[in-house]
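First listed ligand is number 1; within each ligand, the first listed atom is number 1. Positions are given from 1 along the sequence.
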Amino acid sequence: MRLDAKIPAGPLPQKWDRHRFELKLVNPANRRKYDIIVVGTGLAGASASASLAELGYNVKTYCIHDSPRRAHSIAAQGGINAAKNYPNDGDSIWRLFYDTVKGGDFRAREANVYRLAQVSNWIIDQCVAQGVPFAREYGGLLANRSFGGAQLSRTFYARGQTGQQLLLGAYSALMRQVANGKVSLFPRREMLDLVVVNGQARGIVARNLVSGEVERHAAHAVVLCTGGYGNVYYLSTNAKACNVTATFRAYKRGASFGNPCFTQIHPTCIPVHGTYQSKLTLMSESLRNDGRVWVPRTGGDKRAPSQIPEAERDYFLERKYPSFGNLVPRDVASRNAKEQCDQGKGVGETGLAVCLDFADAIRRDGRPVIEKKYGNLFQMYEKITGEDPYGTPMMIYPAVHYTMGGLWVDYNLMSTVDGLFVLGEANFSDHGANRLGASALMQGLADGYFVIPYTIGGYLAGSRFAEVADGHPAFTDSVKLVQERVAKFLAVNGRRTVDDFHRQLGLVMWDHCGMARTNDGLEKARSQIQALRAEFWQDVRVPGAAGDFNQSLEKAGRVADFLEFAELMLLDARARQESCGGHFNEAFQTEENEARRDDANFCHVAAWEFTGEGQDPVLHKEPLAFENVHLTQRSYK
Ligand SMILES: Cc1cc2nc3c(=O)[nH]c(=O)nc-3n(C[C@H](O)[C@H](O)[C@H](O)COP(=O)(O)OP(=O)(O)OC[C@H]3O[C@@H](n4cnc5c(N)ncnc54)[C@H](O)[C@@H]3O)c2cc1C
């Protein structure tokens with residue numbers, strides 16, 4: 001397998017323009033001859049479907065949920081970045097590009113990140129035109145706030161509900177095309193296989209989650225926008241339906257998986273409070289614009305936070321990183337919180353929490369100002385914990401939040417399977433080893449509104465297509481495979497629930513492939529997961545029937561994929577003998593406990609190729625060339 005990133009030649013600021021000029025076009029009258037499948041209706045999928053249909057292609061759009069609006073993107077809270085420089089505080093496309101490459105610990109492709117920064121401004125214009133109600137300053141200009149890894153304010157927001165408002169915008173654009181007859185919508189469908197004919201992605205096989213029917217859908221190209229796989233850890237801030245199935249099935253059909261071990265642990269989440277908890281809740285990074293993070297100066301201090309006087313508190317982020325303070329990038333903030341708790345300075349019953357305190361901000365700005373900015377987040381916190389964060393500090397702890405890994409794609413967002421494009425969190429993305437806050441929404445919408453409409457045209461115009469309908473033998477084979485697997489789940493008839501296996505898998509991954517990793521731990525975890533997988537196939541209990549609405553069956557399929565995919569994450573983490581961003585191998589750290597990269601040996605994207613059931617995958621490397629930024633040890637001091 002050859003990895004060709006297809007990065008256009010020329011100076012960085014001109015690459016995208018030049019590439020768009022060089023890409024072949026499909027003339028408007030011919031676009032209606034092409035069918036395109038889009039799987040997923042989050043920000044990436046909804047924006048891609050709407051844009052492609054607007055261009056005149058016939059689009060078929062699929063999602064697991066009953067409505068496209070239930071995609072996990074709806075949960076995004078804090079905001080979306082763009083280099084508009086409205087606050088006049090020194091932003092530019094170059095600075096957004098630089099901050100993103102540095103924030104990702106120099107493990108992203110320069111050309112992609114620069115394009116992302118370029119199109120960021122168009123996204124805001126597009127969303128404003130759709131009527132997205134971004135917060136505004138008193139003069140009418142859109143308001144900005146700060147997110148981690150930046151020393152200025154470039155994050156556009158709609159209170160703490162930015163994802164919801166952006167998704168309503170994209171959803172409206174999508175539904176307009178449904179009404180126009182250009183998008184056929186298939187809700188409650190789960191893609192369970194990719195169909196490849198003559199090396200080209202030509203369709204999907206999906207299960208109708210209501211009737212249980214296994215359906216065939218053919219097209220000229222397939223666009224996966226199926227989100228991230230943070231739920232491999234069981235407990236995460238992701239929606240419960242987030243999964244790896246679509247991308248993992250594509251991997252098994254020839255799409256390489258890029259950097260699967262790159263996981264983001266978000267520093268500010270409501271801590272775990274019980275063994276049977278199924279979900280963790282994010283407290284947006286935007287809160288660190290005003291909230292101050294601290295722990296008691298002395299370990300073992302069990303007084304309530306309000307009883308600990310100022311002089312006996314350690315504002316450890318402000319102390320260690322005076323330039324960025326509480327807004328250091330997520331990987332840095334998370335590791336520091338863990339370090340404090342490991343030293344016995346954690347607060348709360350479990351000692352696995354640090355304080356996020358708004359007392360100073362409320363004293364300074366008054367409660368109404370804080371309420372206006374973060375009201376819904378404070379309300380959510382109070383509902384879950386029963387504590388009023390206006391009066392007492394929030395208690396927070398890091399949790400799994402986002403996956404930088406995903407299917408490998410070239411500059412055109414095409415995977416290693418011709419005609420299979422991957423957008424949003426599902427691709428290995430532009431964030432390197434650590435995503436900066438508010439950059440996922442930017443990337444998903446950049447991919448859907450402004451990249452795929454051009455690059456897919458180039459592919460369609462430049463390819464030849466055999467006649468492939470859904471009666472093709474490749475579809476028949478794939479349907480058989482899916483049906484056999486469904487039957488296999490139901491036949492086990494064991495004693496343990498799917499959730500029980502999932503919880504155990506999550507614990508192994510959190511302990512050994514979470515915030516801190518060791519070679520021994522990664523190897524131990526691999527054998528534990530192999531054993532767990534064997535047990536799953538002998539002892540899982542999936543009640544109900546195949547030809548019916550059966551959520552246990554749905555979950556079983558997703559967890560079975562997680563059980564295989566987890567091993568790929570462990571292999572990837574073990575192969576990367578350095579620390580970078582969210583991948584922290586304890587053997588590779590600086591004297592100040594920061595991640596220590598090894599640029600001589602690991603300045604690459606790791607792309608894993610599936611080689612057959614029961615066989616180890618093969619690692620391919622895409623070297624990363626940095627021609628415009630200098631590789632340095634990140635410093636946020
Ligand atoms: C709590 C929370 C808050 C966040 N806040 C922010 C923020 O403020 N700013 C920011 O930039 N980022 C934020 N993020 C990250 C951001 O929300 C996500 O990365 C982004 O929304 C992902 O969008 P997506 O379109 O790629 O995927 P998703 O929104 O996850 O959509 C995936 C879609 O794929 C469908 N799907 C999945 N598998 C299948 C299958 N097999 N068959 C059919 N359909 C399938 C689903 O039904 C869904 O429609 C936040 C994340 C969380 C968890």
Side-chain angles (χ1 to χ4, degrees), residues 37-49 61-82 123 145 147 155-167 170-171 174 186-194 204-207 209 217 223-231 236-239 241-250 264 266 268-270 279-286 330 377 380 399-404 406 422-427 429 431 435-445 447-448 554 557-558 561:
I37 283 176
V38 177
V39 188
T41 58
L43 285 175
S47 58
S49 298
T61 302
Y62 301 77
C63 67
I64 287 177
H65 307 90
D66 53 345
S67 158
R69 280 177 306 160
R70 287 198 201 275
H72 157 71
S73 291
I74 201 97
Q77 299 174 348
I80 175 167
N81 286 331
I123 297 172
R145 59 188 173 198
F147 263 61
T155 305
F156 296 76
Y157 63 99
R159 290 182 90 199
Q161 307 163 340
T162 317
Q164 180 178 1
Q165 299 305 331
L166 293 173
L167 190 58
Y171 168 78
L174 166 69
F186 296 87
R188 289 219 186 263
R189 302 298 200 288
E190 181 161 22
M191 170 188 159
L192 293 178
D193 205 4
L194 176 76
I204 61 168
V205 164
R207 182 167 175 272
L209 298 178
H217 301 271
V223 184
L224 291 189
C225 311
T226 49
Y229 50 83
N231 279 345
S236 87
T237 61
N238 287 192
C242 291
N243 68 90
V244 77
T245 290
T247 48
F248 195 60
R249 293 315 162 96
Q264 174 159 90
H266 196 297
T268 57
C269 305
I270 299 180
K279 176 87 189 66
L280 292 175
T281 305
L282 174 76
M283 286 289 106
S284 168
E285 179 163 308
S286 59
R330 292 173 179 178
L377 299 172
M380 206 192 304
V400 172
H401 178 64
Y402 181 88
T403 45
M404 281 77 67
V422 193
L423 277 53
E425 195 174 338
N427 71 26
S429 93
H431 312 293
R435 173 174 72 79
L436 289 186
S439 287
L441 303 185
M442 170 172 72
Q443 184 228 329
L445 290 179
D447 291 358
E554 288 172 30
R558 292 172 204 154
D561 286 335

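No option in T226, V39, N243 other than N243 meets the side chain to side chain contact (heavy atoms under 4.5 Å, CB included) test with I64.
Residues passing the side-chain contact (heavy atoms from CB on, under 4.5 Å) test with S67, sequence neighbours excluded: R69, Y171. Qualifying side-chain contact (heavy atoms from CB on, under 4.5 Å) partners for I74, counting only residues two or more places apart in sequence or in other chains: Q164, L167. For A438, the side-chain contact (heavy atoms from CB on, under 4.5 Å) test picks out N81, F147, T155, with sequence neighbours left out.
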Between the protein and ligand 1, are there any N or O atom pairs that come within less than 3.5 Å of each other, and if so, what are their names and distances?
unit_1, atom_1, unit_2, atom_2, d
ligand 1, 5 (N), Q77, N, 3.1
ligand 1, 8 (O), Q77, N, 3.4
ligand 1, 8 (O), G78, N, 2.7
ligand 1, 8 (O), G79, N, 3.0
ligand 1, 9 (N), G79, O, 2.8
ligand 1, 11 (O), S439, N, 3.4
ligand 1, 11 (O), A440, N, 3.0
ligand 1, 11 (O), L441, N, 2.8
ligand 1, 19 (O), E425, OE1, 2.6
ligand 1, 21 (O), S73, OG, 2.8
ligand 1, 23 (O), S73, OG, 3.0
ligand 1, 25 (O), L43, N, 3.2
ligand 1, 25 (O), A44, N, 3.0
ligand 1, 26 (O), E425, N, 2.9
ligand 1, 29 (O), S73, N, 2.8
ligand 1, 29 (O), S73, OG, 2.5
ligand 1, 34 (O), C225, O, 3.4
ligand 1, 38 (N), N243, ND2, 3.3
ligand 1, 41 (N), M191, O, 3.2
ligand 1, 42 (N), M191, N, 2.8
ligand 1, 47 (O), I64, N, 3.1
ligand 1, 47 (O), H65, ND1, 3.0
ligand 1, 49 (O), T41, N, 2.9
ligand 1, 49 (O), T41, OG1, 3.0

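Relative ring orientation between H217 and F186 is described as perpendicular, the plane-to-plane angle rising above 60° on a 0-90° scale split at 30° and 60°.
Side-chain atoms of Q264 never come within 3.5 Å of backbone atoms of H401 as a donor-acceptor pair (strictly under, hydrogens ignored).
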